[in-house]
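Numbered from 1 within each chain, the chains take letters A, B, ... in sequence-line order. Note that these values count all heavy atoms, side chains included, but never hydrogens, waters or copies made by symmetry. Keep in mind that this is a model prediction, so the values were computed, not measured.
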There are 2 protein chains.
Amino acid sequence: MNLSSRDLRAVIALIEERNFTRAAERVHLSQSAFSALIQGVEESLGARLFERNTRNVTLTPEGRIFEDSARRVLADFDGMVANFQDHAQRRRGRVVVAALPSLAAGWLPGVLAEFRSRHPGIELALLDQLSEQCLGLVRSGQADLALAATGDKDADLATEPLCADAFHLVCRKDHPLARQKEIRLRDLAAHPFVHLSRHSSVRRHLEAAFHPVPMQTVLEVEHLATVTGMVAAGLGITVVPALTLFHFDRPDLAVRPLRLKGLTRRILVVRRKNEALSVAAQALRELMLARKPTVAKRSLARKAVLRKVSLP
Amino acid sequence: MNLSSRDLRAVIALIEERNFTRAAERVHLSQSAFSALIQGVEESLGARLFERNTRNVTLTPEGRIFEDSARRVLADFDGMVANFQDHAQRRRGRVVVAALPSLAAGWLPGVLAEFRSRHPGIELALLDQLSEQCLGLVRSGQADLALAATGDKDADLATEPLCADAFHLVCRKDHPLARQKEIRLRDLAAHPFVHLSRHSSVRRHLEAAFHPVPMQTVLEVEHLATVTGMVAAGLGITVVPALTLFHFDRPDLAVRPLRLKGLTRRILVVRRKNEALSVAAQALRELMLARKPTVAKRSLARKAVLRKVSLP
DNA sequence: CACACTTACGATATTCGTAAGGATT
DNA sequence: AATCCTTACGAATATCGTAAGTGTG
């Protein structure tokens with residue numbers, strides 16, 4: 001037993017037209033091929049569906065029983081195909097991205113806005129979490145993609161580089177370091193730091209890069225915006241990656257790039273290794289790679305974001 | 001776009017087996033043909049359903065979306081086909097027969113019992129009504145078949161003869177007519193009749209056959225069983241068709257066949273002219289024609305019925 | 001290097017359309 | 001005579017299986 005959606009469509013066309021010639025046209029077949037098709041369907045089913053005498057075509061009582069279910073099955077089938085194609089053609093779907101807070105607040109909004117305007121039917125979810133948690137969300141299937149800093153190698157995860165995020169010194173303009181010609185690691189270590197939590201990837205990178213030189217910590221906070229306030233108040237200096245500099249774009253603060261070994265954070269696009277991305281997630285991944293964060297000088301990152309948001 | 005139930009079955013086999021070779025066996029195809037089939041389905045749908053790397057086969061995210069609906073559509077499809085074939089093969093269905101009370105009580109029960117034992121899944125409904133109403137029930141579609149006496153020609157109805165039902169005199173054994181050698185019409189007219197209602201086909205036949213000779217009516221009742229009692233009580237004689245004689249099979253009553261012009265009632269099987277019978281109704285029609293009432297001598301009809309009831 | 005999917009290719013089946021046939025009104 | 005379904009038949013197309021090819025673990 002094997003019937004195709006085309007067969008069902010033909011039967012329904014004949015039910016509605018009650019005429020082989022017109023029904024054949026509706027399904028784009030010659031009348032004779034259509035006749036053979038209907039006979040084939042009847043043979044497959046093991047009983048006549050139509051009573052034909054030369055002048056008119058009528059449904060048999062069994063045909064009437066068939067009609068309703070045939071319409072239902074066909075409608076369900078068409079719905080299935082349409083739904084599938086909506087997903088496959090990025091008209092529908094859902095992508096969950098896990099991203100570091102620095103990216104989630106700075107660069108990502110512009111990218112998501114562009115994605116959204118290209119694919120209005122796709123739902124987006126953004127989980128702004130610390131790097132380690134982002135990776136966990138992808139591994140467990142709760143997120144499709146993660147934007148995270150370099151982490152431990154993981155057999156389940158596939159990564160590809162998004163950008164290298166160089167660290168910068170941020171301090172008040174009246175701070176001695178703001179005008180110093182060359183800034184070495186021990187120059188920084190001589191001043192008190194306003195730090196992010198030691199769980200953050202920024203902090204971890206700093207600890208690793210300074211090791212074994214100890215840093216002085218004046219304060220440890222959770223959010224970058226808080227760091228801004230503290231630094232502006234003169235409590236200390238801080239060292240953060242380029243992508244977070246938009247937090248520090250204020251007239252009273254100085255930002256100085258640092259060219260010190262290890263003071264670069266690599267941002268990765270992460271996904272599960274043994275599982276294909278949905279077409280929606282794939283489209284977002286491609287957009288992210290195409291819109292790689294520019295290697296920011298000072299707070300150009302912010303201007304870049306604004307430009308992108310306003311794209312068509 | 002055209003997919004067959006076989007295509008869906010193949011996709012689902014592959015989802016479950018996660019292996020082309022085994023899935024191909026399940027749908028009775030060579031592995032290469034199966035591979036081509038899956039590729040064809042994916043091409044029809046416009047996106048990959050499976051991610052295959054030589055070692056294992058996994059569903060794409062879009063494939064997962066497809067899976068549920070595919071199972072549902074296929075189950076629905078199979079249900080549709082099974083239901084259709086149940087009806088077409090007389091495992092399910094419903095037949096409504098309208099029949100004259102005389103047939104409904106005497107001959108028909110045996111036929112219906114046999115039908116029922118052959119087709120236990122088919123519901124039967126019996127409407128015991130007068131001839132005119134039986135025809136109306138068929139015309140309006142409330143009944144599939146009618147067993148009625150000859151009626152007016154009707155453009156919507158097709159008829160075929162079931163049997164000729166000869167009229168018999170019924171009287172008490174001690175009645176003068178019980179022993180009379182030849183019974184003529186005017187002999188009957190000389191005695192008072194116990195009559196059925198003038199709406200009944202029996203009565204109409206009698207009136208037509210006697211015309212213009214008037215009959216004497218001692219009593220007019222609705223049911224044949226009542227006639228029996230009245231005749232046995234000696235209130236009068238009656239004249240009824242052979243198929244009703246089982247009502248009069250009593251030691252105190254005499255039954256005499258009458259060979260008089262017009263005193264034969266033709267019983268017809270009636271159906272709608274422009275509509276095919278359901279296979280169930282068709283099967284019942286064929287059984288009725290095959291088990292035509294025997295041309296009863298006296299109350300053999302009753303014995304015949306009993307014999308048939310006890311058939312396998 | 002072995003296993004599993006894909007590709008190549010010739011044989012077989014199916015399906016298609018044109019045209020003729022047959023039945024009904 | 002006109003209409004409409006079925007049958008006949010050759011051509012185009014699709015499908016199938018064997019066998020060779022390819023890539024991954």
Sugar-phosphate, base or nothing in reach of Arg6(B), heavy atoms under 4.0 Å: sugar-phosphate
Under-4.0 Å side-chain N/O to phosphate OP1/OP2 contact, Ser30(B) with dC16(D): no
Result of checking Arg94(A), Arg92(A), Arg91(A), Arg90(A) against Glu123(A) for salt bridge (Lys or Arg N to Asp or Glu O under 4.0 Å): Arg94(A)
Side-chain donor/acceptor of Ser5(B) to backbone N/O of Leu3(A), under 3.5 Å: yes
Basic-acidic side-chain contact under 4.0 Å: Arg266(A), Asp165(A): no
Stretch residues 12-21 of chain A: residues that reach within less than 4.0 Å of DNA chain D through a heavy atom: Asn19(A), Phe20(A), Thr21(A)
Sugar-phosphate, base or nothing in reach of Leu29(B), heavy atoms under 4.0 Å: sugar-phosphate
Side-chain donor/acceptor of Ser32(A) to base of dT18(C), under 3.5 Å: yes
Rounded distance in Å - CG (Asn2(B)) to P (dC16(C)): 10 Å
Euclidean distance, atom CG of residue Asn56(A) to atom P of dC5(D) [Å, nearest integer]: 9 Å
Enclosure of Glu132(A) CD (heavy-atom neighbours >12, cutoff 6.0 Å): no
Rounded interatomic separation in angstrom, taking CG from Asp7(A) and P from dC16(C): 9 Å
Sugar-phosphate only, base, or nothing, as touched by Gln31(B) at under 4.0 Å among non-hydrogen atoms: base
Sugar-phosphate, base or nothing in reach of Arg55(A), heavy atoms under 4.0 Å: base
Ion pair Glu51(A)/Arg18(A), N-O distance below 4.0 Å: no
Between dT6(C) (P) and Glu51(B) (CD): distance, integer Å: 11 Å
Phosphate OP1/OP2 of dT6(C): any Arg52(B) side-chain N/O under 4.0 Å: yes
Side-chain ion pair, Arg71(B) and Glu16(B), N-O less than 4.0 Å: yes
Which residue lies more 5' along DNA chain C, comparing His28(A) with Ala36(B) via nearest heavy atoms: Ala36(B)
Cationic N near anionic O, under 4.0 Å, Glu275(B) to Arg64(A): yes
Length of the line joining Ile38(B):CD1 and dC5(C):C1', which is rounded to integer Å: 12 Å
Gap between atoms CD and P, on Gln39(A) and dC16(C) respectively (whole Å): 13 Å
